[in-house]
Number of protein chains: 2
Amino acid sequence: MDVARSKVSEAGTPVACRSCQARHGVVCGALSSSQLRELGRHSLRRKVDAGSEIVAQASESSFYSNIMRGVVKLCKVMPDGRQQIVGLQFAPDFVGRPFVRESTLSAEAATDAEICVVPRNLLDRMISETRELQRSLHDQALKELDAAREWMLTLGRRTAEEKVASLLHLIATHAEPQTATSTAFDLPLSRADIADFLGLTIETVSRQLTRLRKEGVIRIENIRHIVVPGMDELEKKISA
Amino acid sequence: MDVARSKVSEAGTPVACRSCQARHGVVCGALSSSQLRELGRHSLRRKVDAGSEIVAQASESSFYSNIMRGVVKLCKVMPDGRQQIVGLQFAPDFVGRPFVRESTLSAEAATDAEICVVPRNLLDRMISETRELQRSLHDQALKELDAAREWMLTLGRRTAEEKVASLLHLIATHAEPQTATSTAFDLPLSRADIADFLGLTIETVSRQLTRLRKEGVIRIENIRHIVVPGMDELEKKISA
DNA sequence: CCGGACAGTTGATCTGGATCAAATCGCAGG
DNA sequence: CCTGCGATTTGATCCAGATCAACTGTCCGG
């Protein structure tokens, strides 16, 4: 994947993590080879099914994860059941909050995914030891902060149609290789998830999707597969 | 101020910055005394009026700021003029994005304020040199990220009344000393700002404020001054 | 091949907040 | 004290999106 590669090479030596046979950028890119060996011995690659929780809201977790494949959604739920997805994470993002055990949100696999699970205290120690790693995690936090604020604009000020277009654009942007003119991708989210991400209801999401289809901005090949013939048409719908 | 004091003592030696005759926590708390001297020589304490811009959206800035007094709002505007406030910052928060010159949002004084202005390249150097400072900024970024996500829930899933109550609660929480039972504070934001922060219109904000007043949850002493007789009543309105 | 359970779509109606339109307030300047 | 102007409140109406209610796949187990 594109993102992964650039992230790693930007961070330093692209060495594979033992347990993952992979270079997961945010964590591994910043580590020395001896640290990588140690990490490899103690970390674990794990497949998770869509829908399963990686971190539970308001619980303590003694593990961090690094996403190797798939999409993870970050959710907040209110006591009465209202729910808001506050972020999507893609490979090779890091999941977890260094030095803080309690989480105020839950992380759940949106699609089938593979993650690399790392013991919390081991990685915490490495963070305090290696400036590069701290810097790397700091960078991801700032990236997430930008994304969150961008999404606040979407939630607070955009119309339903603009919201749905924004979501499609976000996914398209993070999706796999695309031709220059048209883009095709699988939606990693159900209609219900999309609604929870956009602050809408599933009915409205559905209606706006068919609206965009009728306007020719997208084609809906099947329930989960979308084709965007012209990305600029889609961007026009976002008006930003 | 409470926040300032706790922040500084938590971060280390509470030494005053020369130019500020103050300990501004996020930056200074993490520096050695020789670094503080250097910072003091090159930084500048400045008063800014309500409404004036500290950082302009989509522009380059060669300064960072540290808020000494007052409230700063972070705004995003769309080409068509729709606006969303994506965060409020209080003393002693740090304003600016290390190592990144372009900003995707503007920072504007919401009230009259005092800030300590620091040259970008000097502080960037200190960040790369001192782990404590990086850690401190990393912590602030994570705190802002949590706040942003909490607010996404408010924007996406709460009703107008809940939104207004959430805002009052946020301000009350960051406001000056309060008695155990009741809390009083000045609103740092105009009705228009509140609307832009909550994703509502000024009319709706006004109506919900008078609603909360009629319900006895708040008293509106004058346009900018609010009294909350019982904080638990207010919290009940947020339903979270 | 059938039934039942979800996930998604579509239609009809309702409503919370937006929009449009006056008041009113508050205050700075003359 | 009067005048004007921007900020706020209040009222009347409208409408985007929610809610309620069928209906249509689609997939899976028998």
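All figures in this text were calculated on a predicted structure; none of them were measured in a lab. Note on naming: letters A, B, ... go to the chains in the order of the sequence lines (proteins, then strands), and numbering restarts at 1 for each one. Heavy atoms only: backbone and side chains are in, while hydrogens, waters and symmetry mates are out.
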Give the intermediate values and the outcome of side-chain contact (heavy atoms from CB on, under 4.5 Å) for residues A:D93 and A:N66.
-> CA-CA 6 Å; A:D93 287 341; A:N66 211 317; 5.7 Å; no

Once you round it to whole Å, what is the distance between [atom2] of [N] and [atom1] of [X]?
| X | N | atom1 | atom2 | value |
| --- | --- | --- | --- | --- |
| B:L212 | D:dT9 | CG | P | 12 Å |
| B:D196 | D:dA7 | CG | P | 13 Å |
| A:E203 | D:dA16 | CD | C1' | 14 Å |
| A:L187 | C:dA7 | CG | P | 16 Å |
| A:R211 | D:dG17 | CZ | P | 8 Å |
| A:R158 | C:dA18 | CZ | P | 17 Å |
| A:E161 | D:dG17 | CD | C1' | 13 Å |
| B:I220 | D:dT9 | CD1 | C1' | 10 Å |

Looking at B:F63, does the NZ or CZ of B:R120 lie under 6.0 angstrom from its six-membered ring centre and within 45 degrees of the ring axis?
-> no

Starting from the 5' end of DNA chain D, give me the residue, A:L200 or A:I223, whose nearest nucleotide shows up first.
-> A:L200

Would you say [X] places a side-chain N or O within less than 4.0 Å of OP1 or OP2 belonging to [N]?
| X | N | result |
| --- | --- | --- |
| B:S206 | D:dT10 | no |
| B:T204 | C:dG16 | no |
| B:T201 | C:dG17 | no |
| A:R207 | C:dT10 | no |

Please check if atom CZ in A:R46 has more than 12 non-hydrogen atoms from other residues, nucleotides or ligands closer than 6.0 Å.
->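 Counting other residues, nucleotides and ligands, CZ of A:R46 stays at 12 neighbours or fewer.
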
Looking at D:dT10, C:dG8, D:dG17, which one has an atom nearest to any side-chain atom of A:T159?
-> D:dG17

Can you say whether the rings of B:H174 and B:F90 are parallel (under 30°), tilted (30 to 60°) or perpendicular (over 60°)?
->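 Ring orientation, 0 to 90° scale: parallel.
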
A:L74 backbone acceptor or donor facing A:Q89 side chain under 3.5 Å | no

